[in-house]
Structures are given as structure tokens and as C-alpha cells.
Amino acid sequence: MSYLQETQDAGREIFPDLARAWALIGIALVNVAYFAYPFAGALYADGGMNTSVDFAAYFGVNALFLSKSYTLFSFMFGVGFAYQMASAERAGAGFAGRYWRRIIGLFFFAAINITLFFQGDILFIYALLGIFLFLFRKTSTKGLIRWAIGLYTVQVIVVLFSAFGITMGQAFAPEEMVQAQTEMTEASAAYVEAFRNGGFIDTIHARIGEWAGAIFYILPGQGFGAMAFFLFGLAAVRNDLISNPAAPFWSKCRRIYLPIGLLISAIGAWYATKGTSMFDPQMMWGNLLIVIGSPFATAGYLGILAKWSLSTDGPIKTFFARGGTASLTAYLLQGLLFTLIFYEYGLGLYAEIDAAACISIALIVALLSIAFTSLWRAKFKRGPLEAILRGWTYIGTR
């Protein structure tokens, strides 16, 4: 039986699987900068931006994927939450026990990712926010949408205050700003040395140390937006939008929200890409525009994917949709491949190649990760890590 037929017979939708696959591609294109160059700026410093091709490639990633891939992935987390509740209800089983075991499982995989692969891990944030998501399980659809809009507004305000603070600092205390940037560079020097020249154990120590320092910036920088899209995803299932990709709302997303989101994001990306560091007001105001445009662009992408899910089935559609069913495996596999490409115990390309090359590698890694999960799912019912997480989630239940 084909994957698509199996999905239809099980009463599942192909739309979310395609969305997860698209999100995985964007996540790889954004995250590669943090694997290839110092985490503090992720601006391909020290030789990454050498030509107009590098600028164009980085601009494209910022305009099309930055602050959109994680919102899309977060949306799917909310969709998954709704599916888990529905599954428990159909089985006549308690939802809370299953859910909390799943959250513990996510913390476990987050620890693996942070230790072995990526200090910019999103699984820890998802597990942490998932604790609060449980509180919204009985909230009305309108309530979910109001909360989501409110939380994303807070996200915009956080970025706005950051941009305003950097601008005021550069205008009225430039020496202090230079000193702060110097101190940050010096503090990350040991991490950079470990990633550039250290062995496997050295990178573990550096990764954990850098994550511990960065998490307090990542949480407010992404947490409110991620939580907002958790709620949008839950509301979309409640509104039957996921089960009805032909709904007029998705057409509106394609026709109206997508061009608005991409235009705002492109303007923001132009400024952000030309910025030199997170202490550069131009970069910060550009990031603010990207964050403002993100919900509209994310909705537009969902509209396109909804339409694709209605198209005639074919090998490309099957390839991506089937690969999207094992997003946890694909996400961690991307981290593994990136570490083997950029760190010294692998190919040792850390801070050695320019932005365009890094982004090209990221696209290949993204497709390879989806190819692996797609081929695996052609033979097995679930992805390897999904099977482990499910086994733990349903332990002791029928």
C-alpha cells in the first residue's frame, strides 16, 4: 500500500506532512549559519560574505525563511497537540499521562541535541512551552486566536525594544556598545576555538556552555512567537482548516497574506543582511520587519501547501509528504550532518567557506534528511526516533 493511500485510509491529512517537510528545509537553511560561523552573530563573519552571490544567498534565506520556518514548525506542533488529544479521546484513554510523557521525551531529545549537535536547539523551547500549551487544551477557538495574536504582539514588542535599545546605545553610548561587543566576542572566543580546532569532547563542552549562555536570549527572542503559533495550529484543527485544505481561508492566505509578508520580510532582510552584528541598529530594525512580516508569510506558505495537498499525487509530493512524517528524526539528522561537515572531527569547514557555499550545503543536507526519513517510512510505520518517542509516550497503555 502506498504512503498516500495509507494516510487517507487512516483518516490523516497529507497537508501537515508537506508543511513539516517545507519547515525542515527552511530550518536547515537558517541554522547552517550557526554551525558554520560564530553563534553570537551568525552573520558569516570572518570571511563569509565575500561576493554579491554570498549577499544574495543570505538575503534570500533571511527574506524567505528567517523567522518563518520556526513559526511554521511551531504551527505544526500545535496541530500535533490537537491530534494527540483527539487520539486519546477516540481510544477512551486519558490524555494527560500520554502528554506529559511526550514532553519528558522531548526534553530528553533536546538534551541529546544540545550535547551532541546544536546549541540553538528548539526542542527544549518546545518542551518548555508545551507545559503551558496544556493549559489551553479546553480554550475556545476564538480564545486561542486572541491569545495567539496577543502573544505574537508581545514578540514584536520584545524585538522592538531590542532594536530601540541598540539604536539608543549607539547614539548616546557608542564606547560602551563597542566594549559590550568586544566582551561578547572575547567570551565566545573559546567556543569558536573548540568548533574550529577542537575534538569531539571539546565541542560538547563548548556547545553546552554556549547554549547555557544563549538560552536566556533565545527564549524571549523566539518563545512568545512559538507559543503563538502553537495556538494558531490548535485553532486551525478546531476550525477544520487542516482537514479542509480547499477552505477559502487558504486561498486568502495565498493571494493576500503571502505577498504582504514577503514584501515586509524582503525589506527587513535587505537591512538585516547589510548589518554587521547584533549591535548594529540596521540589523536590528531589519530583524524587526522580518518578525512583523513572518505571520503573513507563514500563512501564505500554508496556503500554498494546502493547495499542493489537493493536487494530483505524484512521486515528488509523496517524497516530501512521507519525509515530513518523521520530522524529529530529520531535524536531529540535520544537526549530525552539519557537525560532521563543519567541525574539526569531521571535514573541518568551520569558518572556512563563504555564505553561498554554506547555504548550498544546507539545501543538500535538508534534502538528504528528508530523503532518509522518506525512504525509512517506505519500509517502516514510523521514523526511528518517532518510534522511540511514541513507545515512551504510550508506555503502560493499551
Side-chain angles (χ1 to χ4, degrees), residues 3-4 7-8 10-31 64-84 86 122-123 126 133 144 148 152 222 225-247 249-254 257-258 261-262 265 293-311 313-314 316-331 334 363 366-367 369-371 373-374 377 382-383 386:
Y3 153 75
L4 296 177
T7 301
Q8 293 165 0
R12 292 177 57 249
E13 303 298 331
I14 296 170
F15 178 16
D17 297 336
L18 291 171
R20 291 187 187 96
W22 178 251
L24 285 165
I25 293 173
I27 285 171
L29 294 173
V30 172
N31 284 353
L64 298 175
F65 299 103
L66 183 63
S67 293
K68 302 166 193 64
S69 300
Y70 95 91
T71 51
L72 184 56
F73 217 47
S74 301
F75 182 90
M76 288 302 116
F77 189 94
V79 170
F81 178 78
Y83 283 173
Q84 292 159 36
I122 61 171
L123 298 179
Y126 279 17
L133 178 61
L144 290 171
Y152 202 86
Q222 292 187 340
M227 189 69 194
F229 273 85
F230 283 4
L231 301 182
F232 279 133
L234 177 56
V237 175
R238 295 264 182 88
N239 269 342
D240 295 324
L241 288 173
I242 299 299
S243 60
N244 183 20
F249 174 76
W250 296 124
S251 175
K252 183 178 181 180
C253 288
R254 292 190 294 270
Y257 295 151
L258 182 62
L262 291 184
S265 294
S294 172
F296 301 101
T298 302
Y301 289 158
L302 286 167
I304 292 174
L305 293 165
K307 187 172 184 178
W308 190 18
S309 71
L310 295 170
S311 67
D313 297 341
I316 296 177
K317 180 179 175 181
T318 301
F319 169 80
F320 283 103
R322 191 169 58 198
T325 62
S327 55
L328 175 62
T329 296
Y331 173 65
Q334 288 179 5
L363 180 59
L367 294 176
S369 68
I370 294 172
T373 54
S374 188
R377 283 285 286 107
R382 294 179 180 85
E386 285 73 16

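- Minimum heavy-atom separation, Pro295 to Tyr152: CG-CE2, 3.2 Å.
- Nearest approach of Leu262 to Ala297, heavy atoms of both residues: CD2-CB, 4.1 Å.
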What pairs of donor and acceptor atoms, side-chain ones from residues 229-247 against any protein atom, are under 3.5 angstrom apart with sequence neighbours left out?
{"unit_1": "Arg238", "atom_1": "NH1", "unit_2": "Thr139", "atom_2": "O", "d": "2.5"}
{"unit_1": "Arg238", "atom_1": "NH2", "unit_2": "Arg137", "atom_2": "O", "d": "2.5"}
{"unit_1": "Ser243", "atom_1": "OG", "unit_2": "Asp240", "atom_2": "O", "d": "3.2"}
{"unit_1": "Asn244", "atom_1": "OD1", "unit_2": "Ala246", "atom_2": "N", "d": "3.4"}

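- A distance-only check finds no donor-acceptor pair linking the side chain of Thr325 to the backbone of Ala321 [under 3.5 Å].
- Between Ser374 and Phe320, every side-chain heavy-atom pair lies at or beyond the 4.5 Å cut-off.
- Between Tyr257 and Cys253 the shortest side-chain heavy-atom distance falls below 4.5 Å.
- The CD1 atom of Ile14 sits 12.5 Å away from the CG atom of Leu305 when rounded to the nearest 0.5 Å.
- Of all heavy-atom pairs spanning Gln334 and Ser369, the tightest one is NE2-OG, 3.3 Å.
- Side chain of Lys68 to main chain of Leu66: a donor-acceptor pair is present (N/O by atom type, distance under 3.5 Å, no hydrogens or angles).
- Outside the 6.0 Å centre-distance limit, the rings of Tyr301 and Trp308 are not counted as a close aromatic pair.
- Here the closest heavy-atom approach between residue Leu302 and residue Met76 is recorded as CD2-CE, 4.0 Å.
- Annotation: side chain of Gln222 is not in contact with side chain of Thr71 (no heavy-atom distance under 4.5 Å).
- The backbone N or O of Ser327 lies less than 3.5 Å from no partner atom in the side chain of Arg20, so there is not a single donor-acceptor pair.
- Here the side chain of Ser309 pairs no donor or acceptor atom with the backbone of Phe15 at under 3.5 angstrom.
- Residues Tyr126 and Ser74 bring a donor and an acceptor atom of their side chains to less than 3.5 Å of each other.
- The CZ atom of Phe75 lies 9.5 Å from the OG1 atom of Thr298; values are rounded to the nearest 0.5 Å.
- Side-chain atoms of Leu258 and Phe296, non-hydrogen and from C-beta on, never get closer than 4.5 Å to each other.
- Taken to the nearest 0.5 Å, the CZ atom of Arg254 stands 5.5 Å off from the NZ atom of Lys307.
- Between Asp17 and Arg322 the shortest side-chain heavy-atom distance does not fall below 4.5 Å.
- The shortest distance between side-chain heavy atoms of Ile27 and Tyr70 does not fall below 4.5 Å.
- Judged by distance alone, the side chain of Gln84 and the main-chain N or O of Val79 form no donor-acceptor pair under 3.5 Å.
- In this structure, the side chains of Thr373 and Tyr331 stay at 4.5 Å or more apart for every pair of heavy atoms.
- Of all heavy-atom pairs between Ala28 and Ala366, the closest is CB-CB, 3.7 Å.
- Atoms CG and OG, on Leu24 and Ser69 in that order, are 9.0 Å from each other to the nearest 0.5 Å.
- Residues Glu386 and Thr329 have side chains that bring a donor and an acceptor to within less than 3.5 angstrom of each other.
- Note: Trp22 and Phe65 have tilted aromatic rings, judged against thresholds of 30 and 60 degrees for the angle between ring planes.
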